[in-house]
**Q** 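I am attaching a structure below and will ask some questions about it afterwards.
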Protein chains: 2
Amino acid sequence: MTDRAPRPLTLRDVSAASGVSEMTVSRVLRNRGDVSEATRAKVLEAAKTLGYVPNQIAGSLASQQVNLVAVIIPSLGNMVFPEVLTGINQVLEDTPLQPVFGVTDYMRDKEERVLYEILSWRPSGVIIAGLEHSDATRAMLKNAAIPVVEIMDTDGNPVDNMVGISHRAAGQQMARAILKQGYSRIGFMGTSMPRDHRARKRFEGLTEVLAKAGIEIEARDFYSGGSALAKGREMTKAMLDANPDLDFLYYSNDMIGAGGLLYLFEQGVDIPGQIGLAGFNGVELLDGLPRRLATMDACRLDIGRAAANIILERLGGSTEPQHITLSPKISYGDTLRRQRRP
Amino acid sequence: MTDRAPRPLTLRDVSAASGVSEMTVSRVLRNRGDVSEATRAKVLEAAKTLGYVPNQIAGSLASQQVNLVAVIIPSLGNMVFPEVLTGINQVLEDTPLQPVFGVTDYMRDKEERVLYEILSWRPSGVIIAGLEHSDATRAMLKNAAIPVVEIMDTDGNPVDNMVGISHRAAGQQMARAILKQGYSRIGFMGTSMPRDHRARKRFEGLTEVLAKAGIEIEARDFYSGGSALAKGREMTKAMLDANPDLDFLYYSNDMIGAGGLLYLFEQGVDIPGQIGLAGFNGVELLDGLPRRLATMDACRLDIGRAAANIILERLGGSTEPQHITLSPKISYGDTLRRQRRP
DNA sequence: TTGAAAGCGCTAACAT
DNA sequence: ATGTTAGCGCTTTCAA
């Protein structure tokens, strides 16, 4: 094993090794400006044999350009945000931009700290989940003088750009579908995350439409921690034991919905005849359950891609803030479309 | 809405606003050196009202210290790596260090590119998945002269530190458990990822031990893409249709195992009497299935935490490379321990 | 306890 | 096509 380099190599080293000025070395390494093929080859050769890696810190300071895009998300704990990140990655892959992630754990003050830290790297853009932020956070976003995209949710006023779905509309849409299928005694189960504004908005959208039809949620329950699948099972059992007349269960995510589905399936309950079910997110995973759970796609990959594209366009000179609302479709699966009764 | 700042604020601005030298402002903002309470207050006040955010680019260049830890992983497509990231995050949270992620999609050349890009930020340490890298990648890791931790896998020679489990041993251990329970006609299903060295090593460990007992895998099948749960179902059906005498199915991950389990459960197959099953990863999700699938914990969170701690220790002065092998335990669940036959 | 000077490694701008 | 100069915004080092 070779010894570790005591001091990282600099342009000066490559310059010395190749007999070319630092400036020209820099030009070669960045493919900028006219450089003769001969010197070009010399420089590349020297850089490679030395194992030179450019110092972006110095480069960014000098050029006043930082090829970083800050991405701030609440959690890595389910597949939702990793998928968004994948979308962002896909788009940025072919550009000089690199994503840098920060995780807030759904906490406003942590969001503030993370944003502050990440802004201190002077990124070229920010992608941040949600529209609800502290005043300080909004102020930082505005003062940063860089493109900002707020993602996931479009029910609110963005600082700059936004792309997502309307979770309120999603809840409403689901309520209409439920009513149309003739269900009327409805239970709700979700995570107890007071900070999850999107789940809250879906719930509000649901209850709004139901209320207009004179219907109220008859039971609700919340959980936190543990295996979502197991929780879905337990909560479903408990809710139906306590409210045997329910004919529809709306879950705030597909995993607990899947748990409920498995439980009811094992009990031999007629789905969707006696009880209908729906979740949210459109996780690919569901395609292996005994029944396909009704759900709604949260457009995670598309949101990530769109957000990254907005950043690129804004950096490319476009100046109009973009507000993109994607339209998730209900996927009825096998648990929402009631058999027609004779 | 206020206008956007045309030029980001600098220390100079805070200095001017507070009537204190740049140097002292810098000291206050970093809590370094002795500063009188009076000036301290003045500076903080000025910084806050201006909305000053320090420039780490400049700071890092001047101090030759970059509080970044590079984290290079193959994928965000399942929960394995997000969980590792969570572990890393947890540990780094209370330190000045920030993780920066890069994704390789299980491709060596992409790993090389990503590492090069990320090293150009001069991070203080690198955490990278796996032990199999291109020569260029290994050379960069060595030359970087920073602590490197290779994670997940300990079957091989690390550049510097490593922490993970032996996937070969995991496969062996599972083989022994399978044999001990009296199974002998074994099928294997996994992802067709030639680059997933860890899955390969588990498979090799399995076949080694079986071979010593004079047993060969009787059927194997691989998939790529699509819903793992659905694939598990399909593949299981196909494999058993073609090989009805199999009495054990080993899956390279829990999701396809869960699919197989659901299928067999619906078919009324006696599990684990007629057929035993096992997966790998120990995903929490499994706790809601009709039977608990046998599996092995991949220690993802622990690996992330240990890796981050190693980085901290090495940066703190410790100089001994650490090689940590965690020991996953088989979780027998309900699908591996055969009922005793009378 | 505070300030002044020098320089981190690179690139923009201007020579040649 | 190549080189020179100045300076990015901060911190280290030294002086007061």
Side-chain angles (χ1 to χ4, degrees), chain A residues 5-44 46-47 50 52-68 96 117 119-124 144-145, chain B residues 5-44 46-47 50 52-68 96 117 119-124 144-145:
Chain A
R7 169 184 65 77
L9 297 164
T10 69
L11 263 192
R12 173 177 239 98
D13 297 307
V14 183
S15 169
S18 62
V20 176
S21 78
E22 286 187 40
M23 194 56 231
T24 301
V25 172
S26 168
R27 279 194 268 255
V28 171
L29 264 23
R30 288 176 297 140
N31 287 309
R32 203 87 33 146
D34 291 321
V35 181
S36 78
E37 202 36 64
T39 44
R40 184 185 168 65
K42 255 194 300 189
V43 169
L44 256 20
L50 289 178
Y52 172 69
V53 177
N55 185 333
Q56 295 233 42
I57 303 270
S60 295
L61 183 61
S63 66
Q64 302 282 78
Q65 285 212 24
V66 182
N67 292 326
L68 254 27
E117 295 242 310
L119 281 182
S120 70
W121 287 100
R122 298 287 187 269
S124 292
Chain B
R7 169 185 66 77
L9 297 164
T10 70
L11 264 191
R12 173 178 238 99
D13 298 307
V14 183
S15 169
S18 61
V20 175
S21 78
E22 286 186 41
M23 194 54 236
T24 301
V25 172
S26 169
R27 279 195 267 256
V28 171
L29 264 23
R30 287 176 301 140
N31 288 311
R32 204 83 35 136
D34 292 321
V35 180
S36 76
E37 202 39 62
T39 45
R40 184 185 166 65
K42 255 193 301 189
V43 169
L44 255 20
L50 289 178
Y52 173 69
V53 177
N55 185 334
Q56 294 235 42
I57 303 272
S60 295
L61 183 62
S63 65
Q64 302 284 75
Q65 284 212 19
V66 183
N67 292 325
L68 253 27
E117 295 240 312
L119 282 182
S120 70
W121 287 101
R122 298 287 187 267
S124 292

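Numbered from 1 within each chain, the chains take letters A, B, ... in sequence-line order. This one's a predicted model, so the numbers in the text were calculated from it and none came from an experiment.
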**Q** Of the nucleotides C:dA12, C:dC10, D:dT2, which has the atom closest to the A:Met23 side chain?
**A**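 Per side-chain heavy atoms of A:Met23, the pick is C:dA12.
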
**Q** Quick check on DNA chain C: between B:Leu61 and B:Gly33, whose nearest nucleotide comes earlier from the 5' end?
**A**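 Final value for this comparison: B:Gly33.
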
**Q** Under 4.0 Å, counting only non-hydrogen atoms across every strand here, what does B:Asn55 touch: a base, just sugar-phosphate, or nothing?
**A**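 It contacts sugar-phosphate atoms only.
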
**Q** In Å, rounded to the nearest 0.5 Å, how long is the span from NZ of B:Lys42 to CG of B:Leu44?
**A**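 So the NZ of B:Lys42 and the CG of B:Leu44 are separated by 12.5 Å.
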
**Q** If only side-chain N and O atoms count, and only distance matters, is there a donor-acceptor pair under 3.5 Å linking B:Gln56 with A:Ser120?
**A**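 Yes - a donor-acceptor pair under 3.5 Å links their side chains.
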
**Q** Can you figure out which of C:dG3, D:dG9, D:dG3 approaches the side chain of A:Val20 most closely?
**A**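 Per side-chain heavy atoms of A:Val20, the pick is D:dG3.
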
**Q** Provide, to the nearest angstrom, the distance between the CG atom belonging to A:Asp34 and the P atom belonging to D:dG3.
**A**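 Value for this atom pair: 14 Å.
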
**Q** Does the side chain of B:Ser36 get closer than 4.0 angstrom to OP1 or OP2 of C:dT2 through an N or O atom?
**A**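 Indeed, a polar side-chain atom of B:Ser36 lies that close.
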
**Q** Reckon B:Thr39 touches a base, only the sugar-phosphate, or nothing at all at heavy-atom distances under 4.0 Å?
**A**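 Here B:Thr39 touches the backbone only, sparing every base.
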
**Q** What are the two closest non-hydrogen atoms of B:Pro8 and B:Asp13, and how far apart are they?
**A**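 Smallest heavy-atom distance, with atoms named: O-OD2, 4.4 Å.
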
**Q** How many Å lie between CD on B:Glu22 and C1' on D:dC8, as a whole number?
**A**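 In whole Å, D:dC8 C1' and B:Glu22 CD are 13 Å from each other.
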
**Q** Which whole-number value in Å describes the distance from A:Leu29 CG to D:dT2 P?
**A**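 It is 15 Å, rounded to the nearest whole Å.
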
**Q** Grab the CZ-C1' distance between A:Arg30 and C:dG9 for me, whole Å please.
**A**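 Computing the A:Arg30:CZ to C:dG9:C1' distance gives 12 Å.
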
**Q** With sequence neighbours left out, what residues match B:Ala58 under side chain to side chain contact (heavy atoms under 4.5 Å, CB included)?
**A**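 Listed in chain order: A:Leu61, B:Asn55.
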
**Q** Please confirm whether the shortest side-chain N or O distance from A:Gln64 to OP1 or OP2 of D:dG9 is below 4.0 Å.
**A**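 For A:Gln64, the contact criterion (side-chain N or O under 4.0 Å from OP1 or OP2 of D:dG9) is met.
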
**Q** To the nearest Å, how far apart are B:Leu11 CG and C:dT2 P?
**A**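 So the two atoms are 16 Å apart, to the nearest Å.
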
**Q** Please confirm whether any donor atom in the side chain of B:Arg27 sits under 3.5 Å from an acceptor in the base of C:dG3, or the reverse.
**A**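 Pair found.
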
**Q** Ignoring backbone atoms, establish whether A:Thr24 has a side-chain N or O less than 4.0 Å from OP1 or OP2 of D:dG3.
**A**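 It does, given that an N or O in the side chain of A:Thr24 lies less than 4.0 Å from OP1 or OP2 of D:dG3.
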
**Q** Are any of B:Ser21's side-chain N or O atoms less than 4.0 Å away from OP1 or OP2 of C:dA4?
**A**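 Result: no.
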
**Q** Ignoring backbone atoms, test whether B:Ser26 places a side-chain nitrogen or oxygen under 4.0 Å from the OP1 or OP2 oxygen of D:dC10.
**A**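 Checking B:Ser26 against D:dC10: no side-chain N or O falls below 4.0 Å of OP1 or OP2.
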
**Q** Within less than 4.0 Å of OP1 or OP2 of C:dG9, is there a side-chain N or O belonging to A:Tyr52?
**A**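 A:Tyr52 to C:dG9 OP1/OP2: no side-chain N or O under 4.0 Å.
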
**Q** When the distance from CZ of A:Arg7 to P of C:dG7 is rounded to whole Å, what number comes out?
**A**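 Rounded to the whole Å, the gap is 16 Å.
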
